[in-house]
Each structure stands twice: as structure tokens, then as C-alpha cells.
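Before any comments, here is the structure.
Note that the structure is a prediction, hence the values are computed from the model and not measured. All values below come from the heavy atoms of this structure, side chains included, with hydrogens, waters and symmetry mates left out. In this chain, numbering begins with 1 at the start of the sequence shown.
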Amino acid sequence: MKKYKLYIFDFDGTLVDSHLSMIDIFNYSFAKIGEECTPEQAIHYMRGSLQACIKERGIDSDPIKTQTFVKAIMDSLEFKEINKKTFAYEDTAKTMRNLEQNGAKFAIVTGNNVSHVKGILEHINLSQYFDVLVGSDNCKVPKPYADPLNMVFDLMPGYHKEDACYIGDSLNDYQCAVNAGVDGYLLDRNDEYLDFKGPKIKSLNDLIINL
């Protein structure tokens, strides 16, 4: 695999296993507006933007419902009991150490809230690796638009798109990379995307092969 100067990562499902946390968060938030959410739906929603979730469920037609739902999401992101269910994948720390030893820098582009991501990174002892975090609270235009990735390069002017790649666990992430003109890699830990023909990795460890 090509060696990059800057590795940009998605967060949920890429660096951390937050599936159980996000199921609780969406269950709590949908309950606040009198709706249910299955685990499968929660996993689907966590791979997109909050705006996409609201539109898909038709919540956007009711401003009060939308406000209640968004507030519930923001509140539940800070619930300590829920956040305890988020863990770093086994390959995350090893990959970060190896890439850093080879001179790489790191950033995160996520559909999540930056303050929430910071708290999780501190809890799992990975906060020292990331120079820039871009999320839904500091970039209002969501993936798959290019804006979140473009913001990374605005905040890290010494790095260029040809020196970077973006790794994420959803097609939304890969399309964001394509739209931004950055090398993208789909992380397919569980063989969900067997028909995907683009660049794909099975583990973050694949990023350190041949370094």
C-alpha cells in the first residue's frame, strides 16, 4: 500500500466500535419523539449524517419534532453509561503507533459531534494522535460532500490532497473521498461490501503493510 503523509479517518466503525453506544443513542432519541428504532436501523443511521437520518424518517416535516430529536441525540452523546460501551478496535492503537513512527500525521472526519469524539479519544487514550477533528458541529455540510475533507486541508495547510488518504467503513465515506479528490479506502471488517470494486481494506493493519 502507498505510504501517505496524512491519514484521515472516519471515527465510528473505523477507529472505534461504537455500535452498542449508537443503538442506545438512537433508541433514546427516537423514544423522545414517540418512535422506535431497531438495532439494524441504528447501524444504518450511524453511517450517514444526522441530516440524512432526519430526512429519511420524515422528521424534517415537523420543526418541533426535529428540535426534540436533535436535542436528544446531543444530550445522549454525553451520557457516560452509554459512552462506556464504545471501545477502540484491536488494530487501532497498533496502526497509529506504526504510522506515527513512520512520520505520518492524523485527522478525523466524522458525522459525529467533535466534543463527543474528543471525550471518547481521551477515554481510550488515543487523543494524542489527532491534530485535527472535523465533525457535525464545526462543518455543517455532511459527508458525502467534499466539505468536511476540504476543511482538514484548510486547517493543515502544510499538507496536500495527493499526500493524504481517507479511511472509513461506509460507502458514504468513500464517496466523500472521491468528491474531495483524495485517495479513499473502504474498511470492510465484516465482508459487508463484497461487490465493491474500489480500494478496500479488511483491517487497519493493512495500512502499515510494506511501510
Is there a side-chain contact between [X] and [Y] in this structure, where contact means two heavy atoms from C-beta onward sitting under 4.5 Å apart?
X: D24; Y: F79; answer: no
X: R47; Y: D169; answer: yes
X: K85; Y: I23; answer: no
X: M46; Y: N112; answer: no
X: L204; Y: Y7; answer: no

Is [Y] paired with [X] through a side-chain N to carboxylate O contact shorter than 4.0 Å?
X: D75; Y: K32; value: no
X: K84; Y: E81; value: yes
X: D183; Y: K161; value: no
X: R189; Y: D91; value: yes

ILVMFWY network linking L171 to V178, side-chain heavy atoms under 4.5 angstrom: yes
Are I8 and I167 connected in a single hydrophobic cluster, I mean Ile/Leu/Val/Met/Phe/Trp/Tyr linked by side-chain heavy atoms less than 4.5 Å apart? no
Check the pair D173, S170 against side-chain hydrogen bond (donor to acceptor under 3.5 Å, both in side chains), reporting the backbone distance first and the verdict last. CA-CA 5 Å; D173 298 321; S170 75; 3.1 Å; yes
